[in-house]
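A note on names: the letters A, B, ... follow the listed sequences, proteins ahead of strands, and every chain is numbered from 1.
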Amino acid sequence: MNDVAIVAAGQSKFGKRTDAGLRNLAFEAVKDLVEHADNISLKEDIDATVIGVAGDEFNGQGAPAAVLIDEIGMVGKPTIRVESACATGTAAIKTAYSLVKSGLHDTVLVVGVEKMTAVSTAKATELMARAGDIRWEYPFGCTFPGFYALMATKHMEEYGTTKEMLSSVSVKNHFYGAKNPKAHLRKEITLEEAMNSIMIAHPLNLYDCSLISDGAAAVVVTKADLAKKYTDTPIYVRGIGSGSDTMQISRRPSLTSLTGARIAAQAAYKMAGVGPEDIDLAEVHDCFTIAEIIAYEDLGFAKPGEGGKLALEGQTYIGGKVAVNVDGGLKSKGHPLGATGVSQAYEIFRQLRGEVASEGRQVDGAEIGLSHNVGQTGQFVNVIIYGR
Amino acid sequence: MNDVAIVAAGQSKFGKRTDAGLRNLAFEAVKDLVEHADNISLKEDIDATVIGVAGDEFNGQGAPAAVLIDEIGMVGKPTIRVESACATGTAAIKTAYSLVKSGLHDTVLVVGVEKMTAVSTAKATELMARAGDIRWEYPFGCTFPGFYALMATKHMEEYGTTKEMLSSVSVKNHFYGAKNPKAHLRKEITLEEAMNSIMIAHPLNLYDCSLISDGAAAVVVTKADLAKKYTDTPIYVRGIGSGSDTMQISRRPSLTSLTGARIAAQAAYKMAGVGPEDIDLAEVHDCFTIAEIIAYEDLGFAKPGEGGKLALEGQTYIGGKVAVNVDGGLKSKGHPLGATGVSQAYEIFRQLRGEVASEGRQVDGAEIGLSHNVGQTGQFVNVIIYGR
Amino acid sequence: MKKFGYVSVEHYVPFMQEFAEELEKGNIIATKCKTCGTEYFPPREECGNCYSTDMEKIKIEPEGTLVTYTIIHVPPESHANMAPYIVAVGEFNNGLRTMAHLVGVTSMDDLKVGRKIKIVVQKLENDRIVYKFVPA
Amino acid sequence: MKKFGYVSVEHYVPFMQEFAEELEKGNIIATKCKTCGTEYFPPREECGNCYSTDMEKIKIEPEGTLVTYTIIHVPPESHANMAPYIVAVGEFNNGLRTMAHLVGVTSMDDLKVGRKIKIVVQKLENDRIVYKFVPA
Ligand SMILES: [Zn+2]
Ligand SMILES: [Zn+2]
């Protein structure tokens, strides 16, 4: 335990970044990391990079890691690109953890990035739909919101989860996103606005859906015994768990929980030696409001079927049972696929170091943070637990 | 050293596989692995998978690892897809090594696969060209053969490397590929045929270029102290080295050597505690004949500029200085991008266990094998050294 | 050559062509592994449970249950002019589930999770063929 | 909006638009980091050496050297009707290298590695613009 640490983190502004291509976004995150790092020289201290990019087709560049490491000055050093759909960012961190812990590389720079808005929304929707089974589900035009809507319908039917509960998640995440200077959509919304926005995939409306965003995030992962050389306040990786699920969502016995997330959470808690009650703040994968509610249940913050109530009662605001997505989450901060899991680490890194106070959304005294990152509809899930 | 072992390996037939999609190819490699494994149950013994696929667009399936792990019965278990262009396969093995050595997972199944022939050759050429810099080199229509042709021109100019030397590589690789039942193009060719085939990108002609193939390969990677449970004759990973290079080939100071390959080789030799003279057989990345000649030099089998002579003298046949690509190499065996690096491991696994004798291409008493896998034009290079 | 579904992007393997041909005859085919008995629907030509390729065809009975549904209002590019449409999950043969469009809905009652549905074959334009759910 | 090269697939950032506009004026622009002095050609708006974004434009002098070349006979889909064409690497300003088509070749001597070349701007159809090499 505590063998691997994060010693620096950075993030670009998320948003519809007409000013920036894939390479510029990665650079911006790394530059932000460099400017906020305590005592690290990328040129001298980094031994390898891991690049997280989910989709080539959004941007057109094949094998994108090559151009990215050149842009950020890492030419010559080993690099690997990893991809796990929307869980790409945590897959990159897990890979970096392994490279470090295995002894292959001492210090690894992780960059997660996605440029999604260069294509039309219809095209982006198309590309994301193709991450569903192209043989048996894509031919029916089921979109990403559609997949989660199938779960929402079932969750509502089985547990009495209401539209109001779904919308409460959105209201909370916008509340915090408005305070996050790097968030894509910085505005508070009312419950009424959330409930009455245009329908995307029944029962999910516009405010139930995360944004299509451009953005990047970066962290430096190193051996614990080197960590203090780079910063006085490293954050340690205490647990990593991963799970997966059937390709076809229709084949799953349960549509109200992500089996892969339960497997991942259990493994991460076990490795970290903590339970849900120990988590001070959680970054969960709210690609859709229903996904955050299911995450509460899969992570053990609520019993099965009671996630909606937790949201409605405001128990996932700061000061509640557990602070969830107080950076705005995918909903308001944005969801550049490859960046998301790394951005979760970025947020937890800053929260555990007490660096978010000036933004009015610091979880005071946070000691343990959890990152829950879901690819597609649970075919890839990584849960990572970080501690001071 | 010797902490991580390969205990089982399998491969699909490589070729233009109109009968098989991406998922079928992966299944075929895993089935082959299962049928040849000594004592392993994938269901019980595998803790996670690493999937190597280079390009989504060849096949249309986004986030392909999800459908592949479902097809091969690994649902529920952790998975990561890795990509490093044509070096994807070894990136997957390196990732699996790290996951095992780090202690996160004990036993990992690696599957490398690519379905390339579903699109036209022009489209495949286009997609591979887009792995070059889409901003500064793709706009000039430089193909993959074109990139290597730029190196060939320079190598010929600088060292007097001849067309005959290039073609000798092709003749050798076809000689061995003809003996490999899983090779794509199983026919011997004469030096004359090789030298007079149609021009693709001057000075490289058809027989200088590797094939566009469908195929898959799989290996099981585990902790050394579990290895003997699965087989009496595990093969150990003794060294791994990686390097990279500038995105734009035009910016490189040298065009007669791959800097990333030199970095990777040096690191792998150092970790393994061996040198070029200790290598009994090498699987090198002969995407083009010039690439194999440069590999001889980068790996230290020949001095700079003398790789062509090594080929011409037949020193890389079995019985020569070092046996290179005696499975046919990318040239004759085929080059399904994600599968190639895993197929190199498959070949070395079988050679070091003495299992290729019946095919008439066994390197007798081989103790140490080297895998050299290059992504794009050296932006990703992995060198892995395996030993008995 | 018949193709399955409203759109497709992947290479069409012989197995899928056979599946589409059976559909044309009105047969909705699942597969069952002769070695370990695992049933696959949608069908597979390979068993991920025991790595056998010795599979037999079994038929999907038309009567089933609506597991869940959604109404797609914002479609992907490939379905640009079709929205809104209902995508649903149905269960057949006591446990085999698949996705399809649900059509013929005339009241909210037709959308009740758990209600009886039928799976039917429908030919489309452009030599395409598909199965659909209808309220039973 | 001008675009650089014969084809492009990526989102066109303002920096590339500026580059194309300068090309139109006949200026082939490289960049130099004001902080650490690193020069970039093709140009960049960001310094990968010191992470500064404070860059100045510098001009590429037209006289250069042919580093290497190839003749593309089998082109990618996007260049389907252009083959054969010569793709070359040229060196300018004593050490800055880039790729471009080499045109105006009349003898084998024009293809000699190390020979003098010039880099010139050429407007293409469809509002595209490019630089090319010609034997000097
Ligand atoms: Zn079976
Ligand atoms: Zn600088």
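- Looking at B/F147, only its side chain comes within 4.5 Å of chain D, counting heavy atoms on both sides.
- A 6.0 Å sphere centred on CD of B/E192 holds no more than 12 heavy atoms belonging to other residues, nucleotides or ligands.
- Options D/A83, D/S8, D/A100 differ in how many heavy-atom pairs under 4.5 Å they form with chain B, and the most are formed by D/A100.
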Check the pair D/M16, B/W136 against side-chain contact (heavy atoms from CB on, under 4.5 Å), reporting the backbone distance first and the verdict last. CA-CA 10 Å; D/M16 285 303 289; B/W136 296 111; 3.5 Å; yes

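- Looking only at side-chain heavy atoms (C-beta outward), D/E10 and B/R135 come within less than 4.5 Å of each other.
- With a 4.5 Å cut-off on non-hydrogen atoms, D/M82 does not touch chain B at all.
- A donor-acceptor contact shorter than 3.5 Å is absent between the side chain of D/H73 and the backbone of B/M199.
- Only the side chain of B/Q248 comes within less than 4.5 Å of a heavy atom of chain D; its backbone N, CA, C and O stay farther away.
- Note on ring orientation: taking the six-membered ring where Trp is involved, the planes of D/Y6 and B/F140 are perpendicular (angle over 60°, cut-offs 30° and 60°).
- Counted within 6.0 Å of NZ on D/K118, heavy atoms from surrounding residues, nucleotides or ligands total 12 or fewer; the atom is thus considered open.
- Nearest approach of D/V7 to B/Y138, heavy atoms of both residues: CG2-CE2, 3.5 Å.
- B/S120 and D/E77 make their closest contact through OG-OE2, 4.5 Å (heavy atoms, listed as atom of the first residue, atom of the second, distance).
- Interface remark: of the candidates B/A152, B/A149, B/P203, B/A149 forms the most heavy-atom pairs closer than 4.5 Å to chain D.
- A distance-only check finds a donor-acceptor pair linking the side chain of D/T68 to the backbone of B/L150 [under 3.5 Å].
- With a 4.5 Å cut-off on non-hydrogen atoms, B/P145 does not touch chain D at all.
- A distance of 9.0 Å separates CG of D/L66 from NZ of B/K154, quoted to the nearest 0.5 Å.
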Tell me, with the steps shown, if D/Y69 and B/H202 meet side-chain contact (heavy atoms from CB on, under 4.5 Å). CA-CA 9 Å; D/Y69 74 94; B/H202 172 88; 3.4 Å; yes

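- A side-chain donor-acceptor contact under 3.5 Å links D/Y85 to the backbone of B/G141.
- Both the backbone and the side chain of D/F4 come within contact range of chain B, judged by heavy atoms closer than 4.5 Å.
- Scanning both residues, B/T125 and D/P76, for their nearest heavy atoms gives CG2-CA, 3.8 Å.
- Minimum interatomic distance between B/G146 and D/I72 (heavy atoms only, all atoms of both residues): CA-CD1, 3.7 Å.
- Heavy atoms of B/L127 lying under 4.5 Å from chain D are absent altogether.
- Within a 6.0 Å sphere centred on CD of B/Q266, other residues, nucleotides and ligands contribute 12 heavy atoms or fewer.
- Side chains of B/L255 and D/R97 form a contact here, defined as non-hydrogen atoms less than 4.5 Å apart.
- At a heavy-atom separation below 4.5 angstrom, chain B is approached by D/K112, D/V113 within residues 104-115 of chain D.
- Contacts between D/Y131 and chain B at a heavy-atom distance below 4.5 Å involve backbone atoms as well as side-chain atoms.
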